[in-house]
Amino acid sequence: MEYFLQQLINGITLGSIYGLIAIGYTMVYGIIGMINFAHGDIFMVGSFVALIVITALGLTISTGLGLTILALILVLVTAMVIASVFGWTIERMAYRPLRGSFRLAPLITAIGISIVLQNYIQITQGARVKPLQPIISGGYTIMTRVDTNGEFAVQISNMQIMIIVVTVILMTIFSLIIAKTSLGRAQRACEQDRKMASLLGINVDRTISMTFVMGAALAAVAGLMFLLYYGVIDFFIGFVAGVKAFTAAVLGGIGSLPGAMLGGLVIGLIETFWSAYFSIEYKDVAAFSMLAIVLIFLPQGLLGKPEVEKV
Amino acid sequence: MIAKIDDAVLTVEHLNMRFGGLLAVDNLSFDVGRKDITALIGPNGAGKTTVFNCITGFYKPTEGRITTHHEDGKKFLLERMDDFKIPKIAKVARTFQNIRLFSGMTVLENLMVGQHNPLMVASNYTFGGIFGLKTYKTAEKKAMDLAKYWMDQTRLTARADDAAGDLPYGDQRKLEIARAMCTNPKLLCLDEPAAGLNPRESEDLNKLLMFIRKERETGILLIEHDMNVVMGISDHIVVLDYGKKIADGTPEEIRSDPKVIAAYLGVDDEEIETVEQEIEEGVSS
Amino acid sequence: MTDETIKEANPGWHLDAGKVAKDLVVTALLATAIFGSTIAYKTVSAEGGLALETRYDIAFYIIAAVVVGRLILWLAVWSRPSGHRSPVMPANMKASIAFLTTKIGKGFATTMLLIALVFPFLPFTDRYLLDLGILVLTYVMLGWGLNIVVGLAGLLDLGYVAFYAIGAYSYALLAQYFGLSFWICLPLAGILAAFWGIILGFPVLRLRGDYLAIVTLAFGEIIRVVLLNWYWFTGGPDGLSGIPRPSFFGIDFNRSESGFAHIFGLEYSSSHRIVFLYFLILALALLTNFVTNRLRRLPIGRAWEALREDEIACRSLGLNTTTVKLTAFATGGMFAGFAGSFFATRQGFISPESFTFIESALILAIVVLGGMGSQIGVVIAAIVMIGGFEIFREAEQYRMLIFGLAMVFIMIWRPRGLISTRIPSIFLKEKKAVSSDMVSQGEGH
Ligand SMILES: Nc1ncnc2c1ncn2[C@@H]1O[C@H](COP(=O)(O)OP(=O)(O)O)[C@@H](O)[C@H]1O
Ligand SMILES: [Mg+2]
C-alpha cells in the first residue's frame, strides 16, 4: 500500500511532464492535422537552454530559497522564450512552405528537423550526458510504516510539489488563453475550417505560428522540470519522451487540451507502475504497446470526439 | 401509401439512422423492383445519402432491415454485412455524390479495379498470376473486354489511357457508373449522377440508365434532383423529407401528391404552411 | 526603357528597403536567440558540477552568416518581379515532359543496370568502392521494398527497419541454434518478416495514415528494445557474432581444395567473396524490382494503388481493404527480411544498434525523395543519399546534421520527389505517363 502510494506520487510527477509536452502535439495536430515530429526535440532543446542558464547563474543547492525561486523563474522564462523562437522558426522555414502540400511532405521535413536538432545539440553541447546536482532538496514524509523489513516512508519531495504546482498553474493559464482570448478563438476557428476562418479575416498563418510558439514554450517548461527531476539530460531525450507524449496526446483524445494532460498522467502512471512492479527495461515497451492498444481500441481517445467517416 | 412490389431486388424495412440527437432516417420502408428505375427524391439534407450509406454498409443503421433478393432466391441481409462484401456478394454497387475515382490511375485501370474480385480468383490470389499462368491471362483478357464494353457504352474508349482525374466532369460521372457496372451488380445505387451535367450530358446519362436497366437487367436506385429526369425515366418514386417517407408511388401519383408539392416541388415557404394545413384539415375531416 | 525592362535588368530594383531592413533585423534577433544560446555557451563538466564554456566568436560568425545569407536571398532570388517566379506550364507541355521522362527513364534504367553488372570489374573499382556499391544496393533493395508499402499502397510505415532487423536476427539465430545455411535461411527470414508484418498489421491497419505512422514507429522501437533486453536469446547490446558467411551455393570461399577459387581454377583472393556478395545483393534487389513490377500488373498491385487513391471507393467496389493493406505490409516486410539476412551474412555480426529509427527514416527518405512509387527514383535517391553520406565521411560529426538539413531542403524543393510521374499498369492503345498532380499519396489526400 505504501509502496503503491509512493509510485502514485512519482507517476503523477512524471505524468505532468509528459502532459506538458503532449499539449504541444495536441494543439498542432488539432490545428493543422500534422504530427510535429520535432516537438520532442524542442523539449530537449528547452532542457539544454535551462541547463545553460542554471549553470550561468551558478545555482546550487546552497542558494537561499527566495533566490532559488527567483532564479528558477528566470530560467523558466529564458527557456520558454528560446524554445519558442526555435518553434516559430521551424514552423516558418520547414512546415509553412509545405502547407497544403501532401501530408507526407511536412512529416518528412519534421523528421529531418528532429535529426537536425538532435545533431545540432550533440555538436554544440557535446554527446555525453549532462549531470546536474540537485537544486531543490527536502520534502515531506506523508506516512511511514515499520515492519520486519525495516522502515518504509512515503515521501513527496519539494521538487515533485513544484512540478505538479507549476503544471497546474500553466495548464490553467493556457486553458484560459484558449477559452477567453481572441487568439484562442482564432485557433478554434482554424481547427474547424481554415479556409472559412481566413475568409472571416482571421490571420491563419499567425494563428498557426502562435500555436507552435505556445507548444514550444510548454515543452521548454517540461524540459526544465525533466532536468531538475532527473538531474541528467542528453541530446537524445527528446525522441523517447516525444513518442510517449504523443501517446499521451492520442490517449487523451487528440485535439483536446485536458485530454493531453489526462493522457500524460495515465502514461506517467503506467510507466512508473510498470517499472516498479514488472521490469524497468521494458518500460518503454509498455508505453509503446499502450499507444498501439489505445489507437486500436479507442482511436478517438478518452476525451476526444469520435470521428465519423464522411462518405 | 405503400407501393407493393412483387419482385423486389431490395427491400428496406423500418430503417432508422441516428447521429447523436439527429434522426437522419426515420422509420423508412420501401422496395426497389428488380428491373426498375426507382428514384429517391427529397430536399437537401432529407437523408437520401444516408440511406445509401446504410444500404451499402458504410453506416451501420441504428435499426431496421435491408435485404437484397437475387433471382436465384438467395437473400442477403445488408445491415449485418461488412461494407466490402455488399458489392462482392450481395451485388449492390454504388457511386458517390462527390465523385470518388482513382484519379491517378487511367480510365482502363479504374475499370480493372472494378473487377478485382474475379481477377483475384483467376490469378489464384496472386500466386498463379505472378508466374504468368495462362488462366490469368485469359481472365485478364476477358476483363479487358468487359472494360471495353463499358467504355464503349459510356463513350470513353478514346480516353482509355488517360488519367481519370484528367477527364472532364461529365466523363468522370460516367466513368464512375461504368466502374460500378464492372462489378456486375444486381442493384446499382447512383447518388445524384446528373449533378453538374449540362443538358446534353444529362440526356446521355438518361440513355445510359435506360440501357443499363434494359440490357443488363440491373435495378437502379437513383437520387436525383432534376424533376425532368426523375419523371422521365423512373418507374417508381420514393419521397423523403426530414428522414421520413412522405410519398411512394408512380411518377403520376407523385406529381399530384399535395404533400410532395408542399415539401419539395418548389412551393414558397408561406404556401407550405397553408398547403400543410389544408392537408391536415383534409385528413381530419 | 519601360519600368518592366528596368525590373528585369536589375532584379533588386524594386526592393522595398524598409521591408528588407526590418526582415534582416528580425532574422538577426532570431538567429541570436537560436545560436547565441546554444553555440555561444556550452556546459562542460568541471570540478564539483558544471561550468560554462563560451564561444562568442563562432556564434557571432554564424549569426552574421545567416543575416548575410538572407540579404543575398533577398537581392538575388526574392526580388524578381512576381510574374517571373514560377512560369505556369501549359498542360500539353507537362504531358510531353512526362512522356520524355519515361523515355529517358527506360534508357536510364538499362544503362544503370549495365553499369551495375560490370561495376566490380571496372579498373578503378577497389575494395572500398565495392563495399559502397553493396551498401547502396542494400538501400536500393530496402527502398524498393518500402516503396510497395508507402509508394504503391500509400501506407506510411516509420518502422520498416523492424522487418530488416527480424530478417537479420532470423538468419543469425537460425544459423546459431540449428546450423541452417544461408540459402535455407534466406527464404525463412523473408517469410518470418512477412509473418510479423501480418501479426502487426492486423490490429493497426485500420488506423488513419499518420496514426499508422506512429504505431509502426512504436513497433520498430519495441522490436529494438526487446532485442536489446532479451539477453540470453539475442545477446542484448553485445549482439550476435560469428554469423556464417554465405557460400557459393554450397562452395565456400576459402583456400582449401574444395574452396571456390580452387574449383573454378582461380587464384585465391579475398575479393571473390566481396564480388559474390555484390552480385548477391544485386540479384536480390533485382528480384525485388521484378516481383514488384509483376505485382503491379496483377489485381493485387492495382488494388494497392487504388487503395492509395481512395480507400472508400475501393470498399464500394468490393475490395477487402484490410487484406489489401496486409498483403502490402507483408510483401514489403518480406523484402526487408531478405535484405536483413543478407546484411547479417555480409557483416558477420549484428546488434540492435544497426536497427534504429534513423535507419527507417533514411529508407523512407530514399523512397519519398526518389518519388513515391517510382522504382528508378529510388535508385537515384539511394545513390545520392548514401553517396552524399560517404562524401561527408570526413565531417563525421556534421554528417547527420547535413543529412537532416538535406532532407528538409529537398522536401521543400520537390515535395513530390525527384521522379513523380506514374506509369500505368495496363493500357489499351498507348502507355501514357500520369502526371504527379493526379496521383495521390494515400490516406486523406
Ligand atoms: N456522418 C454523419 N454524422 C452526423 N450527421 C450526419 C452524418 N451524415 C449525414 N448526417 C446528417 O444527416 C442529415 C441527412 O444528410 P444526407 O443524407 O447527406 O442528406 P441528403 O443526401 O438527402 O442531402 C443531414 O442533416 C446531415 O447533416
Ligand atoms: Mg446527398
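Here is how names work: the chains are called A, B, and so on, in the same order as the sequence lines, proteins then strands, and each is numbered from 1. Every heavy atom of this structure was used, including side-chain atoms; hydrogens, water molecules and symmetry mates were not. Keep in mind it's a predicted model, so treat the numbers as computed, not measured.
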Colleague: Can you tell which part of A:F297 gets under 4.5 Å to a heavy atom of chain C, answering side chain, backbone, both or neither?
Modeller: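 Neither part.
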Colleague: Name the region of C:A51, side chain, backbone, both or neither, that has any atom closer than 4.5 Å to a heavy atom of chain A.
Modeller: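 It is the backbone, since no side chain atom gets that close.
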Colleague: A:Y120 vs C:F35 aromatic rings, parallel, tilted or perpendicular, using cut-offs 30° and 60°?
Modeller: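 Rings of A:Y120 and C:F35: perpendicular, as their planes differ by over 60°.
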Colleague: Report yes if some heavy atom in the side chain of A:D284 is under 4.5 Å from a heavy atom in the side chain of C:E221; otherwise report no.
Modeller: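 Side chain of A:D284 against side chain of C:E221, heavy atoms only: no contact under 4.5 Å found.
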Colleague: Main chain of C:T43, side chain of A:K130: is a donor-acceptor contact present, judged purely on distance under 3.5 Å?
Modeller: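 The answer is yes, because a donor-acceptor pair under 3.5 Å joins these two groups.
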Colleague: With a 4.5 angstrom heavy-atom cut-off, which part of A:I82 approaches chain C: side chain, backbone, both or neither?
Modeller: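 A:I82 touches chain C through side-chain heavy atoms alone.
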Colleague: To the nearest 0.5 Å, how far apart are NZ in C:K42 and CZ in A:F48?
Modeller: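 If I round to the nearest 0.5 Å, the distance is 10.5 Å.
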Colleague: Heavy-atom distances under 4.5 Å only: say whether A:L117 touches chain C with side chain, backbone, both or neither.
Modeller: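 Contact with chain C involves no heavy atom of A:L117 at all.
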Colleague: Specify the closest pair of heavy atoms between A:A56 and C:L52, including all atoms of both residues, with the distance to one decimal.
Modeller: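 In this case the closest contact between A:A56 and C:L52 is CB-CD1, 3.5 Å.
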Colleague: Chain A heavy atoms under 4.5 Å from C:A33: which part of the residue, side chain, backbone, both or neither?
Modeller: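 The answer is both parts of C:A33.
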Colleague: Under 4.5 Å from any heavy atom of chain A, what part of C:L217 do you find: side chain, backbone, both or neither?
Modeller: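 Side chain of C:L217 only, per the 4.5 Å heavy-atom cut-off to chain A.
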Colleague: Checking heavy atoms, do the side chain of A:L98, its backbone, both or neither come under 4.5 Å from chain C?
Modeller: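 Answer is side chain: those atoms of A:L98 sit under 4.5 Å from chain C.
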Colleague: Heavy-atom pairs under 4.5 Å with chain A - which of C:V225, C:L405, C:I214 has more of them than the others?
Modeller: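 Top count of heavy-atom pairs under 4.5 Å with chain A: C:I214.
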Colleague: Do you know the tightest heavy-atom contact between A:I115 and C:M400?
Modeller: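 Residues A:I115 and C:M400, closest heavy atoms: CG2-O, 3.5 Å.
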Colleague: May I ask you to decide if C:L50's main-chain N or O and A:Q133's side chain share a donor-acceptor pair within less than 3.5 Å?
Modeller: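 Here the side-chain-to-backbone pair does not exist.
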Colleague: Tell me, do A:W88 and C:L30 make a side-chain contact under 4.5 Å, heavy atoms counted?
Modeller: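 With C-beta onward as the side chain, the pair touches.
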Colleague: Can you tell if the side chain of A:Q125 reaches within under 4.5 Å of the side chain of C:Y41, non-hydrogen atoms only?
Modeller: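 Sidechains of C:Y41 and A:Q125: no contact.
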Colleague: Step by step, would you call A:F37 with C:F357 a ring pair (Phe, Tyr, Trp, His ring centres under 6.0 Å)?
Modeller: CA-CA 13 Å; A:F37 202 86; C:F357 168 70; 5.3 Å; yes
Colleague: For C:W230, is it the side chain, the backbone, both or neither that has a heavy atom under 4.5 Å from a heavy atom of chain A?
Modeller: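 Both backbone and side chain of C:W230 come within 4.5 Å of chain A.
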Colleague: Of the backbone (N, CA, C, O) and the side chain (C-beta and beyond), which part of A:I123 lies under 4.5 Å from a heavy atom of chain C, both, or neither?
Modeller: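 Contact with chain C is through both the backbone and side chain of A:I123.
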Colleague: With a 4.5 Å cut-off on side-chain heavy atoms, are A:I111 and C:L158 touching?
Modeller: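 Yes, their side chains come closer than 4.5 Å.
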Colleague: Given a strict heavy-atom distance threshold of 4.5 Å, which part of A:S289 is in contact with chain C: side chain, backbone, both, or neither?
Modeller: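 Both the backbone and the side chain of A:S289 come within 4.5 Å of chain C.
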Colleague: Quick check on C:R55 against chain A: is it the side chain, the backbone, both or neither that has a heavy atom closer than 4.5 Å?
Modeller: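 Just its side chain gets close to chain A.
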Colleague: Taking all heavy atoms of C:G404 and all of A:V116, pick out the closest pair and write down the distance.
Modeller: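 Nearest pair, atom of C:G404 first, then A:V116: C-CG2, 3.5 Å.
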Colleague: Top residue by heavy-atom pair count (under 4.5 Å) with chain A, among C:I358, C:L29, C:I410, C:V226?
Modeller: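 Result: the option with the highest number of such pairs is C:V226.
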Colleague: Starting from the C-alpha separation in whole Å, work towards a yes-or-no answer on side-chain contact (heavy atoms from CB on, under 4.5 Å) for A:F86 and C:T38.
Modeller: CA-CA 11 Å; A:F86 270 87; C:T38 38; 4.2 Å; yes
